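All remarks here apply to the structure that follows.
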Amino acid sequence: MIRVLLVDDQALIRAGFRALLEAEEDIEVVAEAADGEQAVALAVEHRPDVALVDVQMPVMDGIEATRRIAADERLSDVHVVILTNYGLDAYVFEALRAGAGGFMVKDTEPADLLQGVRVAARGDALLSPSITRRLIGEFVARRPQPDAGGLDVLTNREREVTALVARGMSNDEIAAHMVISPTTAKTHVSRSMTKLGARDRAQLVVLAYESGLVTPRPRR
């Protein structure tokens, strides 16, 4: 059973998400929060697998709530997914840097939301990877010249895997691309995250862009 914490200051939105999620046999909504402060407290109390967190809320916004959840060792298994009204939003990038595992737009199709929750619970891949890559690319492109020196701790194989993760590939896709087993791909990803101190795949993507290992693709 996947346990979900809903965090949004609008009761109607929470009710809609709850109805959708609880119609599934493998998903359970364990708590709801109307602001970031409540979200952190309820995350500690319920230890959900996934926290769906709105960005803009009273008392404490979603970014600060994400930062506090990510910094709490007791909540290391909580995967934060940011909910936003817009695909490209400066707040979302900051949330990814703060420790969010990915993000979804609120008007996403119901089936995509359900699949996103399941993917987030596994910690297997970013949500909305194409939009996430564009978002990260835009904001990283505005930063100072990257320095790839921070990736010196990785082997050549691990650097290659990290670059593929940053392109939005899942472990199975990486395995097929590199002609290795999914288990080996997962091992390379895990080792790269450990060496770089990345909490999850989302932070691994941010590090890949910021280090210059992967460069933003030009927008069409």
Side-chain angles (χ1 to χ4, degrees), residues 1-33 39 43 48-57 62-63 65-66 69 77-96 98-139 164-177 182 186 189 199-206 217 219-220:
M1 184 67 72
I2 298 172
R3 306 171 74 253
V4 177
L5 167 64
L6 291 177
V7 186
D8 195 295
D9 61 330
Q10 298 184 45
L12 186 59
I13 290 179
R14 295 200 309 273
F17 279 132
R18 175 182 279 273
L20 175 65
L21 294 170
E22 293 201 328
E24 301 297 302
E25 293 183 354
D26 61 333
I27 300 176
E28 173 189 12
V29 176
V30 296
E32 296 182 21
D49 300 301
V50 178
L52 295 177
V53 181
D54 187 24
V55 173
Q56 295 178 302
M57 296 181 292
I63 296 173
T66 297
I69 290 173
D77 292 330
V78 178
H79 302 283
V80 176
V81 177
I82 292 295
L83 297 172
T84 177
N85 289 316
Y86 308 101
L88 295 175
D89 188 330
Y91 293 110
V92 176
F93 181 70
E94 292 305 316
L96 289 173
F103 78 96
M104 299 190 76
V105 290
K106 289 184 178 179
D107 62 354
T108 190
E109 292 295 323
D112 291 335
L113 174 67
L114 294 171
Q115 177 62 14
V117 168
R118 294 183 176 106
V119 169
R122 296 198 304 264
D124 183 46
L126 286 173
L127 306 180
S128 305
S130 61
I131 300 177
T132 303
R133 288 197 303 273
R134 287 177 57 201
L135 175 77
I136 293 174
E138 281 200 359
F139 289 93
L164 295 176
V165 170
R167 294 299 185 195
M169 289 190 182
S170 67
N171 289 342
D172 288 343
E173 290 169 334
I174 291 172
H177 180 83
K186 183 177 181 180
V189 173
R199 186 174 190 265
D200 52 31
R201 294 174 76 100
Q203 289 199 320
L204 192 61
V205 171
V206 171
R217 294 173 178 173
R219 296 184 64 181
R220 297 179 179 178

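Here the structure is a predicted model, which means the values were calculated and not measured.
Of all heavy-atom pairs between Leu5 and Ala39, the closest is CD2-O, 3.6 Å. In plain terms, the two heavy atoms of Val78 and Ala51 that are nearest each other are CG1-CB, 4.2 Å. Taking both residues in full, the closest heavy atoms of Val30 and Pro48 are given as CG2-CB, 4.2 Å, listed atom of the first, atom of the second, then distance. When all heavy atoms of Ala166 and Val205 are compared, the pair lying nearest together is CA-CG2, 3.7 Å. Closest approach of Leu20 and Pro110 over heavy atoms only: CD1-CB, 3.8 Å. Of all non-hydrogen atoms in Arg14 and Asp9, the two that sit nearest each other are NH1-C, 3.9 Å.
The NZ atom of Lys186 sits 10.5 Å away from atom CG of Asp172, with the distance rounded to the nearest 0.5 Å. Between the CD1 atom of Ile82 and the CD1 atom of Ile63 there is a distance of 7.0 Å, given to the nearest 0.5 Å. Note that the CD atom of Glu24 and the CD1 atom of Ile2 stand 9.5 Å from one another [nearest 0.5 Å]. Between the CE atom of Met104 and the CD atom of Gln115 there is a distance of 9.0 Å, given to the nearest 0.5 Å. Between the CG atom of Leu21 and the CG atom of Leu113 there is a distance of 5.5 Å, given to the nearest 0.5 Å. Atom CD of residue Glu32 and atom CZ of residue Arg18 lie 4.0 Å apart, to the nearest 0.5 angstrom.
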Next on the checklist: Show, in sequence, the C-alpha distance, side-chain angles and deciding distance for Val4 and Phe17, and conclude whether the side chain to side chain contact (heavy atoms under 4.5 Å, CB included) test is met.
Outcome noted: CA-CA 10 Å; Val4 177; Phe17 279 132; over 6 Å; no
Next on the checklist: Between Val117 and Val81, is the side chain to side chain contact (heavy atoms under 4.5 Å, CB included) condition met? List the steps.
Outcome noted: CA-CA 8 Å; Val117 168; Val81 177; over 6 Å; no
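Asp26 pairs by the salt bridge (Lys or Arg N to Asp or Glu O under 4.0 Å) definition with Arg118, not counting sequence neighbours.
Not a single donor-acceptor pair under 3.5 Å links the side chain of Asp54 to the backbone N or O of Val7.
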